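Everything below concerns the one structure shown next.
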Amino acid sequence: MDFNLTEDQQAFRDAARAFAEKSMAPHAAQWDAEHIFPVEVMKQAGEMGFMGMYTPEALGGMGLSRMDTSVIVEELAMACPSTAAFITIHNMATWMVASFADEDLKQQVVPQLASGEWLASYCLTEPGAGSDAASLRTRAVRDGDSYVINGSKVFISGAGATDILVLMARTGEGDSGAKGISTFVIPADAEGVSYGKNEEKMGWHSQPTRMVTLQDVRIPVTNRVGQEGEGFAIAMKGLDGGRLNIATCSLGGAQSALLRARNYLHERQQFGKPLAAFQALQFKLADMATNLVAARQMVRLGAFKLDSKDPEATLYCAMAKRFATDACFEVVNDALQLHGGYGYIREYPLERYVRDLRVHQILEGTNEIMRLIIARRLLDDGVAEAIQ
């Protein structure tokens, strides 16, 4: 069991760090303050391969493992957790099409997505179907060689500024549950697609979040991803990786906050000595670092299980997402506290990290839903023994 990064992973880390420090970090505060969606920077990220990290090379991606991807994403998130999070959502949607669409559809859209020339939104959540995603009501009705889609989606990242919607809709009867859902690729500017206002959010200001409304949107049958009724399973497979991605974004924000807190304890003096000399603050820093390392190891274990197609990969991804997003939020919150009043003003990025990382405990399945997934699986015979 080797916990060290390979030479390739170190090279990926260094390339991502250089890109993040040059192209993201200097602008992150402005993107947040002015609600700027940095499309051009994401195209530059596409040139680096970061918009198709685990998309197959044959379709223009890098073909990386989930472990490799986590190493890259953590570096991007150190600069701007919000922008890094959108990049991971785009990667998830791109991978879903690359993995489950037919060959013609793959060739039509995946190379442009993997290059960053096109951006994708993942459209699952609805006004009445958040945690209970299998109850979604957006409907796709077959009409000859087309589907006609009606319904609405909410809290959609990038909506109104992306090119492709990877959308889940019901093709079965109203009571068909998860088995009646299919996945579709919809041009974002298709006739009948409209967008609501950009939601005023606590954080994640560098990416727009809007409602998407579909009224008699007609798309060819060939734009369906996979077979009818497979859409919910496809969406959940995407979310296994998506949960690791969001957990990794939390790692990046927490790592940056830890480093800033360490530096501040050396720089700031009170009562005639640096803050670093006070044992209570030393203990706080020690706990922050310990929790961050524990979270990182859980995320990388989840990535390993997903890469190796472990039968319990979903369980490990849920545990990693639950633990890492909770632990890392505590790290950034503690870093803000260590900065005192300075942590609360926008001259320092700590308050932005706190705002950005808070939503990671909610999206890609709330942490309460993660607990449900974990507990239900553990109650099955032999699972608790299998993960020992």
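Throughout, residue positions are numbered sequentially from 1 according to the sequence presented. Computed from a predicted structure; not experimentally measured.
For the pair Arg224 and Asp102, the salt-bridge criterion is not met [side-chain N within less than 4.0 Å of a carboxylate O]. With respect to the salt-bridge test (charged N to carboxylate O, under 4.0 angstrom), the residues Asp326 and Arg322 qualify. Salt-bridge check for Glu351 with Arg346: passed, with a basic side-chain N closer than 4.0 Å to an acidic carboxylate O.
Between Thr248 and Ala77 the shortest heavy-atom distance is O-CB, 4.4 Å. Annotation for His360 and Asn367: closest pair O-OD1, 4.4 Å, computed over non-hydrogen atoms. Closest non-hydrogen pair, Glu364 versus Gly242, comes out as OE2-O, 3.9 Å. Of all non-hydrogen atoms in Tyr54 and Thr69, the two that sit nearest each other are CD2-OG1, 3.5 Å. Closest approach of Glu75 to Ala16, counting heavy atoms only: CB-CB, 3.8 Å. Minimum interatomic distance between Ile164 and Pro187 (heavy atoms only, all atoms of both residues): CD1-CA, 4.4 Å.
For the pair Gln282 (side chain) and Ala276 (backbone), a donor-acceptor distance under 3.5 Å is present. Side chain of Glu126 to main chain of Arg137: a donor-acceptor pair is present (N/O by atom type, distance under 3.5 Å, no hydrogens or angles). Using a distance-only test at 3.5 Å, with no hydrogens or angles considered, no donor-acceptor pair links the side chain of Thr83 to the main chain of Cys80. In this structure, Ser256 contributes its side chain and Gly252 its backbone to no donor-acceptor pair below 3.5 Å. Between the Asn333 side chain and the Phe329 main chain, no donor and acceptor come within less than 3.5 Å of each other. The closest donor-acceptor contact from the side chain of Ser308 to the backbone of Lys305 lies under 3.5 Å.
Ser250 contributes atom OG, which lies 10.0 Å from atom CG of Asp356 (distance to the nearest 0.5 angstrom). Rounded to the nearest 0.5 angstrom, Trp204 CH2 and His35 NE2 are separated by 14.5 Å. Here the CE-CZ distance, from Met319 to Arg377, works out to 11.0 Å after rounding to the nearest 0.5 Å. Taken to the nearest 0.5 Å, the CZ atom of Phe323 stands 5.5 Å off from the CG atom of Asn291. The distance from atom CG of Leu165 to atom NZ of Lys153, rounded to the nearest 0.5 Å, is 10.5 Å. In this structure, Ser70 OG and Asn245 CG are separated by 8.0 Å, a value rounded to the nearest 0.5 Å.
Applying the 6.0 Å contact sphere to NZ of Lys237 captures no more than 12 heavy atoms from other residues, nucleotides or ligands. Environment of CZ in Arg376: sparse, with no more than 12 heavy atoms of neighbouring residues, nucleotides or ligands closer than 6.0 Å. Asp145 CG: 12 or fewer foreign heavy atoms inside a 6.0 Å radius.
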Worked check of side-chain contact (heavy atoms from CB on, under 4.5 Å) between Leu76 and Arg17: CA-CA 7 Å; Leu76 301 181; Arg17 180 175 298 172; over 6 Å; no
From CA spacing to verdict: side-chain contact (heavy atoms from CB on, under 4.5 Å), Leu105, Gln108: CA-CA 5 Å; Leu105 184 57; Gln108 287 175 34; 4.2 Å; yes
Residues Leu292, Gln255; criterion side-chain contact (heavy atoms from CB on, under 4.5 Å); working and verdict: CA-CA 7 Å; Leu292 175 55; Gln255 177 68 27; 3.2 Å; yes
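Taken together through direct or relayed side-chain contacts under 4.5 Å among Ile, Leu, Val, Met, Phe, Trp and Tyr, Met96 and Met62 form part of one hydrophobic cluster. The hydrophobic clustering, which links ILVMFWY residues whose side-chain heavy atoms are closer than 4.5 Å, places Phe304 and Val299 apart. Both Phe50 and Ile89 sit in one connected hydrophobic cluster of ILVMFWY residues. Membership requires side-chain heavy atoms under 4.5 Å apart, directly or through other members. Two different hydrophobic clusters hold Tyr316 and Ile246 under the rule that ILVMFWY side chains link at heavy-atom gaps under 4.5 Å. Transitive grouping of hydrophobic side chains (ILVMFWY, heavy atoms separated by less than 4.5 Å) brings Val110 and Val185 into a common cluster.
Under the 4.5 Å side-chain criterion, counting only non-hydrogen atoms from C-beta, Tyr342 is not in contact with Glu347. At least one side-chain heavy atom of Leu64 sits under 4.5 Å from a side-chain heavy atom of Ile72. Using a 4.5 Å heavy-atom threshold, the side chains of Met168 and Phe184 count as separate. No side-chain heavy atom of Gln207 sits under 4.5 Å from any side-chain heavy atom of Trp31. Gln215 is listed as a side-chain neighbour of Asn150, based on a closest heavy-atom distance under 4.5 Å. Within the 4.5 Å cutoff, the side chain of Val166 has no heavy atoms near those of the Cys123 side chain. The shortest distance between side-chain heavy atoms of Met51 and Leu119 falls below 4.5 Å. For the pair Asn4 and Gln9, the minimum side-chain heavy-atom distance is 4.5 Å or more.
For the pair Arg66 and Trp95, the distance from NZ or CZ to the six-membered ring centre is under 6.0 Å and the angle to the ring normal is within 45 degrees. For the pair Lys179 and Phe232, the cation-pi test (distance below 6.0 Å, angle within 45°) is failed. Stacking of Arg210 on the aromatic ring of Tyr195 is not recorded, the 6.0 Å distance cut-off and the 45° axial limit not both being met.
Taking the six-membered ring for Trp and the full ring otherwise, Phe86 and Phe37 have centroids separated by under 6.0 Å. Between Tyr348 and His339, a ring centre-to-centre spacing shorter than 6.0 Å is recorded.
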